[in-house]
Amino acid sequence: MSKPSVLGVMLGAPLTAGGAHYGATQGPAGFVAALVGAVLLTAGVLGYRRVLVLRRRLRSLMPAAQRSPVAHLPSARRAATLAAYVNGVLVLLGLGGAGWLLYMGASWGAYDNSFGFAALVMGALLPLALGLAAASTVPELLRVVPAGARMGQALYGVFVCVASLMIAKGDGLLPRLVGAVIAVLALGAIALLGRCFRVMGGAAPRQGSGSPGAGQPGFGQPGPGQPGFGQPAPAPGFGPPTSPPGGPHGPAPYGPPAPPAPRAGRGGLVLVLVLVLVAVLGGGGLYAVKEAGLLDGDDSTTTDVAESPQASAYGVGGERRARWATGAPAPEGTAPEYLVGGDEDVVVHVTGTLVTGYDVATGKKLWDVEDRSGDFRTCAVSPTAVGHVVAVLMRRGDQGPCGFLVAVDVRRGKQLWSKGILGEGSGAGMGTATVRVTANSVVSGTQTAPVVLDARSGDVRWTGADQPDEDGEARSLRGLEVAGNSLVASYGDGLGGSTALRRFDLRSGRVTARPSPPKAPETPTPKDVLSVLSVEPLVVSLGDDTNADRFYFSRVGDAWKPLRTDAVEGVSARSGPQEGMVTDGLFVKAFTTDDRSLDVGFDTVVAAFDLESGALRWQHALHRDAGQVVLLPGTVGGAVRAVASDHDTGDQLYAFPLEDGGPVRGGRLTVDASLSGAPSGLNDLTGAVVQGERLVVRSQVDGTLVAFPFPSKA
């Protein structure tokens with residue numbers, strides 16, 4: 001009988017709660033599941049009511065379940081009161097645990113989906129049942145019934161089991177210490193309740209204890225000359241009753257007759273109806289209220305957009321109103337698109353087969369450079385621009401290798417030159433296609449070596465020598481980075497685990513250093529790629545190109561320091577769209593984290609790592625719905641500036657002091673609806689660039705470029 005009851009409750013409660021939530025939020029099919037769950041829950045509750053009847057009959061046969069024969073003694077009453085207090089702590093723990101789970105369920109996202117809500121109800125039901133069971137023992141203990149102490153010992157045993165799991169399976173020292181403290185407290189409570197049980201007369205006192213009743217006349221046994229001397233005499237009013245004179249039977253061999261079986265149906269049905277009502281109100285009702293925006297305030301968002309007092313010190317203070325907006329749609333089926341800065345008066349948008357220049361002051365489209373043959377498309381690699389030259393790496397067709405360079409003069413909107421850097425029949429270009437522009441050079445690579453071209457003419461200055469692996473085969477070029485007169489290239493053999501780094505003199509192409517590559521803390525996979533992020537200081541990343549989780553390292557002397565990206569807080573923290581920036585001895589990067597407390601579900605954490613030690617210097621979660629962050633180059637006032645988006649509140653400026661003064665919220669970026677070409681919203685940030693006195697951002701919602709006033713100095 002007990003097993004079907006337990007199964008009915010364990011299956012019925014989550015099915016009822018989850019079904020009601022699904023029915024209220026998704027479709028009427030959920031109410032069918034809720035009805036099935038209610039039937040199971042009803043069967044379980046009614047079965048449990050029958051179990052209670054049997055339990056009461058069994059308890060009537062146990063002396064410890066009756067009022068203690070020594071209840072009149074002060075020591076027994078004190079012990080009962082102490083046991084009641086100890087079990088009262090269990091009541092508080094059980095009810096508090098259930099309330100804590102229901103409260104934390106919002107941040108876990110349990111109220112946002114039916115399965116999560118069902119699991120939350122089931123999880124909260126367990127500590128609630130423990131608290132109610134402990135509460136049922138308090139009245140018994142106040143009547144000096146020893147069985148209440150035994151029940152408390154069993155319930156505290158649950159805490160001992162949980163603590164044992166924490167000690168054995170805890171991840172780290174802190175969980176194990178917490179488990180040890182819980183175990184010690186629970187074992188102490190069990191020992192204290194056992195002592196109370198004995199003092200209340202629930203067990204025979206130990207011989208030689210010297211306590212009353214331990215062989216002393218006058219308590220529990222008659223003295224010399226009294227009737228029944230030598231045999232224990234029952235206390236008046238307690239023990240088995242005798243049958244009346246002339247009765248057909250002798251003294252009853254057991255305790256008083258069992259109480260009549262109560263009616264189980266009516267009370268059980270009322271309890272089931274209450275549980276179903278709570279499930280419906282807690283699931284569908286809470287979801288409906290949340291959808292109506294009643295929980296989110298007037299702005300229908302929990303995002304804090306209040307400007308920080310020190311925002312003006314970093315040049316991010318004050319609301320910024322758009323000066324111009326213009327459509328910059330990407331051709332249908334175009335994947336990569338980029339926003340880059342070139343000349344101070346021109347901002348360049350690259351997408352598909354089109355390179356377009358816009359006037360920074362007015363937003364007027366100045367020119368288009370397009371491959372009218374339709375044979376070439378831009379590669380999925382950000383173009384770069386220095387001065388008046390922007391270089392774009394392209395491929396022939398959708399699947400061809402990235403082996404065609406185009407240089408454009410952004411002042412005149414004219415193509416300077418085009419150059420194929422892959423020989424005929426080359427099957428692939430460099431592993432991570434890269435193009436960099438310096439003052440007078442354009443740098444890219446073939447499948448096995450870097451290539452440096454003259455920025456004005458496109459003439460090849462030098463092509464690096466192949467770098468053989470252990471078998472004498474040329475390694476594959478994976479990526480490169482340029483700074484000053486140095487070029488650092490990374491290589492891999494495509495099989496994982498075998499990588500290499502080479503430093504070249506940008507002017508001559510001579511190899512000047514062969515630093516050893518870092519070792520990943522885990523076994524590399526065949527898709528692991530070593531990428532160079534910075535030349536001075538040397539910073540690299542290593543990881544699977546198909547996975548956002550990567551390892552980062554900085555070169556300190558002749559050793560590599562792993563950056564502690566595992567210390568970034570958040571559920572499923574992973575690399576954001578930007579690789580990050582190196583400034584003032586720090587590596588600053590934005591990470592995307594799952595956050596179920598937000599409506600959309602993911603947020604951004606901006607973190608900084610010390611390049612000397614690899615330690616996490618600081619991190620800041622922005623708590624913005626679908627928060628995306630674009631870090632702006634350079635620093636102002638000792639802080640990195642950024643643009644952060646939000647699903648509800650749009651774009652806002654931020655500053656992150658490098659000395660960890662906490663994130664500084666700046667002014668919001670707003671667009672008047674009357675502005676020609678204004679987008680419907682700025683809640684999906686795909687790019688940002690600072691040009692002159694303008695900040696230009698791109699909103700993916702309408703494919704629009706929008707410019708705001710943004711002085712380069714605070």
Side-chain angles (χ1 to χ4, degrees), residues 381 393 401-403 421-423 426-436 441 443-452 461-547 549-563 565 575 579-580 582 587 611 614:
V381 53
L393 192 59
C402 292
I421 58 175
L422 293 181
S426 296
M430 60 193 308
T432 305
T434 306
V435 57
R436 294 289 182 263
S441 301
V443 183
S444 189
T446 68
Q447 185 178 6
T448 59
V451 177
V452 178
R461 291 181 174 173
W462 58 265
T463 299
D466 292 346
Q467 303 299 314
D469 59 15
E470 294 84 352
D471 298 326
E473 300 291 335
R475 297 179 184 270
S476 298
L477 180 65
R478 309 305 298 180
L480 56 83
E481 190 58 67
V482 179
N485 290 321
S486 292
L487 182 156
V488 176
S490 61
Y491 299 82
D493 61 6
L495 299 177
S498 179
T499 57
L501 289 170
R502 296 290 185 269
R503 184 185 293 267
F504 294 85
D505 186 294
L506 185 61
R507 296 161 297 187
S508 64
R510 181 173 57 89
V511 175
T512 59
R514 292 177 169 81
S516 60
K519 300 296 184 182
E522 298 178 2
T523 302
T525 68
K527 295 182 180 180
D528 276 350
V529 173
L530 178 64
S531 301
V532 184
L533 308 182
S534 170
V535 174
E536 293 294 345
L538 184 56
V539 179
V540 301
S541 68
L542 181 63
D544 190 340
D545 262 359
T546 63
N547 192 327
D549 295 328
R550 299 181 66 82
F551 304 105
Y552 296 84
F553 303 85
S554 64
R555 185 81 169 179
V556 180
D558 294 331
W560 290 100
K561 290 289 185 181
L563 305 185
T565 54
S575 179
E579 274 291 13
V582 175
F587 177 63
L611 294 180

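Along the sequence shown, the residues carry numbers beginning at 1. Computed over heavy atoms, backbone and side chain alike; hydrogens, waters and symmetry mates excluded.
Separation of atoms CG (Leu611) and CZ (Arg555) is listed at 14.0 Å; rounding is to 0.5 Å. Here the straight-line distance linking atom CG of Leu530 with atom CZ of Phe553 works out to 9.0 Å at 0.5 Å rounding.
Considering every non-hydrogen atom in both Arg550 and Val529, the closest pair reads NH2-O, 2.8 Å. For the pair Val482 and Arg436, the tightest heavy-atom approach, listed with the atom from each and the gap, is CG2-CB, 4.3 Å. The two residues Thr434 and Ser444 make their nearest non-hydrogen contact at O-OG, 2.8 Å. Closest of all the heavy-atom pairs between Ile421 and Val451 is CG2-CG1, 4.5 Å. Nearest heavy-atom pair across Leu542 and Pro518 is CD2-O, 4.1 Å.
When each of Ser516, Pro517, Ser490 is checked for a side chain to side chain contact (heavy atoms under 4.5 Å, CB included) with Thr499, only Pro517 meets the rule.
Side-chain atoms of Glu536 do not come within 3.5 Å of backbone N or O of Ser534 as any donor-acceptor pair. Panel note: side chain Arg514, backbone Arg503; no donor-acceptor pair is recorded below 3.5 Å.
Take Trp462 and apply the ring-ring contact (aromatic ring centres under 6.0 Å, His included) test, not counting sequence neighbours, and it matches Phe504. Every residue two or more places apart in sequence or in another chain was checked for a side-chain hydrogen bond (donor to acceptor under 3.5 Å, both in side chains) with Arg510, and none qualifies. Not counting sequence neighbours, Ser486 has no partner by the side-chain hydrogen bond (donor to acceptor under 3.5 Å, both in side chains) test.
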What's the verdict on side chain to side chain donor-acceptor pair (under 3.5 Å) for Arg478 and Ser531, showing C-alpha distance, side-chain angles and the deciding distance?
-> CA-CA 7 Å; Arg478 309 305 298 180; Ser531 301; over 6 Å; no

